[in-house]
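Take a look at the structure set out below.
Chain A is the first sequence line, chain B the second, and so forth, proteins listed ahead of strands; every chain is numbered from 1.
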Amino acid sequence: MKSKTTLIFNVFLVIVFVFAFTLPASAGKTYKLGMSLAITGPTSDAGNPYAKGAEDWFKFVNETDYLGDGDKIDCPIRDDQYKNDVTKRFFEEFLDDGILIFLSYATGGNLALKRDFEEVQIPVIPASYHEGLIVDANYTFMPVATYSENAVGLAEYVMENHKGGDTPQVAFFIHPSAFGRGPLEDTQKAIAEGLNIEIVEVVEHGTDLDNTAMLQRLVSKDVQYVICHTVQTPVATMLTDAQRLGVTAGSFGEKGKLTFLGAHYTGGSDLIALAGTATEGYLWADSYNLTSENNEGAKKQLELAARYGRDDKAANSHNYGAGILAAQIATEAIKMAKETGLKVTRENLYIMLQKMNFNSFVAAGPVTYSDTERIGVDVQNIYVAQDGVFKKIQSFESKYIQKVRAGR
Amino acid sequence: MSYFFQIVVSGIVVGSIYALAALGLVLVYKSSRVANFAHGQIIAAGAFITFFLTVRLGVPIFFSFLASMLITFFLAMSVERIFLRRLIGEPIISVIMVTIGLASIFDGLIYLTPFGSENFSFPDFLPTESIVVGGVSISWTQLVGVIITFVLIGAFSWFFKKSTVGISMRAVSDDQFGAMSVGISVPRVFALAWATAGLSAAAAGCIIGNVTGLNFETLHAFGIVVFPVVILGGLDSILGAVVAGIIMGLIQQFASGYLDGNFGLNGTGDVMPYIILLIILLFKPHGLFGVHEIERV
C-alpha cells in the first residue's frame with residue numbers, strides 16, 4: 001500500500017515537472033525560416049558579414065520579444081560555399097522542415113531555383129539583386145534596387161553631370177557571368193530609350209595582376225567614365241593600376257582621365273581596405289545606409305553589432321547591413337500577419353509581403369512592395385570615396401530603368 | 001611608342017610574378033614527378049602569415065616576409081613527411097589525388113580563420129608614387145616584386161646546378177632507383193623539394209597579395225592560373241618557368257593592349273596565352289625546355 005502511494009506521488013511529481021518545463025515553452029510559437037549562403041568560399045567576403053547581420057537580427061528579435069507573445073524565429077544559416085547544387089539541397093531540406101520564407105544568396109543559385117520557388121510558392125528574399133530574378137517571378141522579393149538600377153542610375157548620373165556638349169564616352173568593366181552582363185544589357189536598352197551616353201567598350205575581366213594595357217587602351221579611345229559591375233578585388237587592382245599610371249580623374253569627368261563608378265558589390269569599406277588611397281574619388285551606387293554617415297541608422301547598426309560582439313570590420317560592412325535588412329523583411333512579414341490576425345503561413349506571408357511598407361535603419365529609403373512591385377528599397381545613394389570613407393553625395397531613383405524593365 | 005614599352009614592362013612584371021608562382025610547382029615536379037594541386041593554398045598561406053605577423057604582431061614586414069618563407073618551408077616539409085612520404089613508389093595518380101585532398105583540407109583550415117572570408121591589404125611599406133622613365137611607369141611594388149622574383153629564381157637555379165643537395169634532387173628526378181643506388185636519400189630529397197616549393201610559394205603569395213590585395217579566393221586561384229606557364233616551360237625546368245612566365249605575361253598584355261576592343265574582339269588577354277600554348281605544344285609537346293624522354297621497349 002505504501003509503495004502504491006509512493007508510486008502515485010512520483011507520477012504526480014513527474015507530471016508537475018513536465019508541465020513546469022513545457023508550459024513556458026508552449027507559451028510562444030516558433031516560426032521556421034531557412035538561409036543558405038556562402039559563409040566560406042567564393043564571395044564569402046560578402047556572404048560572411050551578411051550571415052552575421054541576419055543572425056544578429058534574429059537573435060535580437062528573439063531576445064527582445066519583438067514579435068510579441070513570446071513568439072520566436074528559428075532560422076538555421078547554412079554555408080553553401082557558393083555551390084548551386086548545395087544550395088538546392090539545403091533548400092529541399094528546409095522545405096522538409098516546413099520553412100515559411102527562404103533567405104537565399106547568389107545570382108546563379110537563385111536563377112537555378114527560380115522555377116522551384118514559383119512551384120512551391122514560397123517567398124524568397126535573395127542577397128543577389130540581379131534583375132532577372134524578378135522577371136516572370138512572383139515569389140522573389142528583392143530587398144533593394146537591382147544591379148541594373150545601380151548601373152543605369154550611374155549612367156544617368158554621368159549623363160546629368162557630364163560637362164561639355166559631347167556625349168559621355170563610357171566603358172563597362174564587368175564580371176564574366178550573368179551577374180556581370182545583366183546590368184550592361186539593361187543599360188544598352190536604356191540607351192536605346194534615349195539615355196545619352198556611348199558605350200565605347202565592354203571589358204570582361206579575368207584574374208588580372210595588371211590592367212595597364214586595358215587602362216591605356218581606354219584612355220586612347222577617349223573614354224572618360226568606367227562603370228564597374230563585379231566584386232571588389234578586380235576593381236581594387238584596376239584602381240591601383242590607374243593611380244600608378246596617373247589616369248585617375250582628379251575631378252568628376254576630367255578630360256583625358258578616367259572617372260570610376262560602380263554598383264553594389266564593387267564598393268564599400270572592403271574596397272578601401274584593398275585599394276587604399278587609389279579608391280579616392282570612386283563613385284558608388286548603393287541602397288544601404290553606411291555607418292560612415294554617422295546618422296541614427298548607423299548608430300543602431302553599430303549598437304546591434306556591439307550587442308553581439310562583432311568586430312569593427314563586420315559592424316561597418318554594408319553587407320552586415322544587407323543581412324540585417326533581409327532578416328528584417330522576413331520578421332516584418334510575420335509581425336504583420338500576427339497583427340492582422342492571420343495565421344502565419346507561407347500563403348499569408350506572401351500576402352503580407354505585398355502590403356509591406358516599413359522603414360529600416362540600414363536602408364537608404366522605405367521598404368515597400370505591392371501586387372506588382374518586387375523591389376523593396378527603390379532609393380539609391382551615390383557615395384564618393386573621400387579621405388578613406390564613402391560619403392553620400394545624393395539620393396536618387398533611376399528613371400530609365402522604369403522604361404526598360406522587362407515584363408513589368 | 002611609350003604605349004608599346006609600357007605594355008612590355010607590364011608584361012615582364014606580370015610574367016615574373018607568374019614565374020615565381022610557378023616555381024613551386026616546378027620544384028615538386030622536378031624531384032617527384034607530381035603536380036601539386038595544393039600549391040595555390042600554400043601561396044595564400046604564405047601571404048596571410050606575412051600579414052598576420054606584420055599587422056597583428058607588429059613585426060616589421062621585411063622580417064615577416066622572411067619568417068613566412070621559413071614557416072611555409074617547414075609546413076610544406078611536414079605535409080610531405082605526414083601525407084606523402086608513405087606514397088613513395090605508389091602510382092603518381094595516387095599522389096596527385098592526395099594533393100587534391102590536401103588542397104581541400106587547407107581550404108577548410110583557412111576558412112576556419114578570418115582570412116578565409118575577409119579582404120585585407122598589406123600596410124604601405126614602399127613609396128606609393130610610381131617610377132616614371134620615358135613615359136613608362138612602374139610601381140615600387142611591381143619593381144620590388146620583379147627583383148625578388150629574379151633573386152629567388154637565380155638562387156634556385158644555382159642551388160640545382162651547383163649544390164650537392166640540388167644535384168641529388170636532379171638525380172632523384174632522373175632515376176629514383178639509380179639515385180638510391182649511389183646513396184642518395186630519396187625521402188630526404190622529396191622533403192626538401194616540398195620545403196623549397198613552400199618557401200617560393202610564400203614569396204609569391206606576398207608579392208601577389210601586395211598587388212591584388214589579400215583575398216583567399218584570388219590568391220589560391222594562382223595555383224591553377226600558372227599551370228599553363230609550367231606546361232609551356234616544360235614542367236621540370238626553372239628556366240622554362242621564367243621564360244614561359246614572361247611569354248605568357250607579354251602575350252596577355254599585348255593581346256589586351258592591341259586586340260581587345262578592336263576588330264570586335266574582347267577578352268583576348270585571357271584567351272590568347274592558351275591559344276599560343278596550344279600552338280607551341282603542337283610543335284614542342286614537352287614544352288619549351290622540357291626533357292624529351294625516350295623509352296626503350
Side-chain angles (χ1 to χ4, degrees), chain A residues 38-49 51 79 81-82 171 176 200-221 223 231-237 240-241 243-247 268-278 311 313-314 317, chain B residues 2-3 6-7 9-11 13-15 17-18 21 107-108 110-112 114 116-121 123-124 128-132 136-142 145 207-208 211-218 221-222 224-225 249 252-258 260-262 266-267 269-271:
Chain A
I39 299 173
T40 61
T43 75
S44 57
D45 50 347
N48 196 296
D79 179 12
Q81 294 200 312
Y82 203 64
V200 179
E201 193 176 326
V202 177
V203 179
E204 290 196 3
H205 65 77
T207 315
D208 300 316
L209 277 174
D210 191 304
N211 294 285
T212 299
M214 184 263 288
L215 289 165
Q216 287 199 325
R217 191 178 70 240
L218 297 184
V219 172
S220 72
K221 288 181 170 182
V223 168
V231 290
Q232 291 138 335
T233 317
V235 175
T237 309
T240 312
D241 288 335
Q243 185 187 45
R244 171 175 55 82
L245 294 167
V247 296
S269 50
D270 267 11
L271 181 69
I272 291 169
L274 285 168
T277 55
D311 59 21
K313 202 171 169 70
S317 166
Chain B
S2 67
Y3 182 79
Q6 182 65 64
I7 287 177
V9 169
S10 296
V13 167
V14 171
I17 299 172
Y18 282 164
D107 278 349
I110 294 175
Y111 287 146
L112 289 174
S117 57
E118 290 181 25
N119 296 316
F120 302 92
S121 59
D124 289 333
T128 48
E129 63 273 15
S130 302
I131 305 159
V132 182
V136 175
S137 82
I138 183 168
S139 70
W140 279 95
T141 304
Q142 291 177 325
I207 291 166
I208 295 169
V211 173
T212 64
L214 296 166
N215 174 282
F216 178 58
E217 299 303 322
T218 307
F222 277 90
I224 300 298
V225 166
Q252 212 173 51
Q253 291 296 311
F254 272 102
S256 179
Y258 286 101
D260 281 355
N262 296 312
N266 208 335
D270 292 321
V271 177

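Interface remark: of the candidates B:Ser130, B:Ala221, B:Ala255, B:Ser130 forms the most heavy-atom pairs closer than 4.5 Å to chain A. With chain B as the partner, the residue from A:Gln243, A:Lys313, A:Arg244 showing the most heavy-atom pairs under 4.5 Å is A:Arg244. Top candidate by heavy-atom pairs under 4.5 Å with chain B, chosen from A:His205, A:Glu201, A:Gln232, is A:Glu201. Of all the listed residues (A:Ile39, A:Thr237, A:Thr212, A:Asp79), the one sharing the greatest number of non-hydrogen pairs under 4.5 Å with chain B is A:Thr212.
Heavy-atom distances place the side chain of B:Phe222, and not its backbone, under 4.5 Å from chain A. Using a 4.5 Å cut-off between heavy atoms, B:Ile138 touches chain A through its backbone atoms (N, CA, C, O) alone. Proximity to chain B involves both the backbone and the side chain of A:Gln216, based on heavy atoms less than 4.5 angstrom apart. For chain A, the nearby parts of B:Asp260 are the backbone and the side chain; heavy atoms of each come within less than 4.5 Å. For B:Ile110, no part lies near chain A; criterion is any non-hydrogen pair under 4.5 Å. Residue A:Val200: no heavy atom, backbone or side chain, is found under 4.5 Å from chain B. Heavy atoms closer than 4.5 Å to chain A are found in the side chain of B:Asp270, but not in its backbone.
For A:Asn48, the side chain to side chain donor-acceptor pair (under 3.5 Å) partners at least two apart in sequence or on another chain are A:Lys52, B:Ser117. Qualifying ring-ring contact (aromatic ring centres under 6.0 Å, His included) partners for B:Phe216, counting only residues two or more places apart in sequence or in other chains: B:Tyr111, B:His220.
Here B:Glu217 contributes atom CD and A:Thr43 contributes atom OG1; the two are 8.0 Å apart, rounded to the nearest 0.5 Å.
Across all non-hydrogen atoms, the minimal contact from B:Gly213 to A:Leu274 is CA-CD2, 3.6 Å. Residues B:Val211 and A:Leu209 come closest through the heavy atom pair CG1-O, 3.2 Å.
At least one side-chain heavy atom of A:Lys221 sits less than 4.5 Å from a side-chain heavy atom of B:Asn262.
One side chain, A:Asp210 or B:Gln142, offers a donor N or O that lies under 3.5 Å from an acceptor on the other.
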Between B:Gln6 and A:Leu245, is a side chain to side chain contact (heavy atoms under 4.5 Å, CB included) present by the stated rule, with each step listed? CA-CA 10 Å; B:Gln6 182 65 64; A:Leu245 294 167; 3.9 Å; yes
